[in-house]
Amino acid sequence: IPWTIEDRNTPEQRELQQQLEQTGCRFGENCYISPDAVFSNATLRAGDDCIVAADALLRQAAVTMGDNCSINYRERSGWGTTCALRPGRT
């Protein structure tokens with residue numbers, strides 16, 4: 001994983017999550033939201049230890065994630081782009 005625990009508790013990360021919470025998003029403990037992720041008329045409810053990766057696009061959706069989940073950007077050459085959802089362990 002390219003993000004360390006310290007990256008998840010920076011002033012910039014807290015500010016980003018606070019801005020998103022003003023739009024209805026909610027985050028559990030120890031989450032990381034890339035500043036390069038795009039939220040367009042979308043809300044996210046994330047459990048603990050969740051990640052939203054750079055260039056992930058959440059558009060016109062209400063997404064609920066459990067603990068230890070991630071939303072990852074993935075590009076498939078010739079097929080456009082997709083966003084891969086990685087469920088956590090139960």
For A53 and A37, which heavy atoms make the closest approach, and how far apart are they?
O-CB, 3.6 Å
Step by step, work out the side chain to side chain contact (heavy atoms under 4.5 Å, CB included) result for N41 and R59.
CA-CA 6 Å; N41 193 28; R59 182 177 57 198; over 6 Å; no
Restricting to side-chain hydrogen bond (donor to acceptor under 3.5 Å, both in side chains), what partner residues turn up for R14, sequence neighbours left out?
N9
D49-N30 side chain donor-acceptor pair, cut-off 3.5 Å:
yes
Check: R8 side chain, C31 main-chain N or O, donor-acceptor pair, under 3.5 Å
no
Just how far is it from atom CD1 of I33 to atom SG of C25, taken to the nearest 0.5 Å?
8.0 Å
Heavy-atom donor-acceptor pair, D67 side chain to D48 backbone, under 3.5 Å
yes
Let me confirm one number: the OG1-CZ distance from T64 to R26, rounded to the nearest 0.5 Å.
12.0 Å
Which residues satisfy the side-chain contact (heavy atoms from CB on, under 4.5 Å) test with Q18, sequence neighbours excluded?
E21
Nearest-0.5 Å distance, CZ of residue R45 to CZ of residue F27:
10.5 Å
Could you walk me through whether I71 and L58 satisfy the side chain to side chain contact (heavy atoms under 4.5 Å, CB included) test, starting with their C-alpha distance in whole Å, then the side-chain angles of each, then the deciding distance to 0.1 Å, before giving a yes or no?
CA-CA 9 Å; I71 298 176; L58 283 78; 4.1 Å; yes
Using modelled atom types and a 3.5 Å cut-off, is there a donor and acceptor pairing between side-chain atoms of S70 and backbone atoms of N72?
no
Any residue meeting side-chain hydrogen bond (donor to acceptor under 3.5 Å, both in side chains) with Q19, in chain and number order, not counting sequence neighbours
E15
If I take atom CZ from residue F39 and atom CG from residue L20, how far apart are they, to the nearest 0.5 angstrom?
5.0 Å
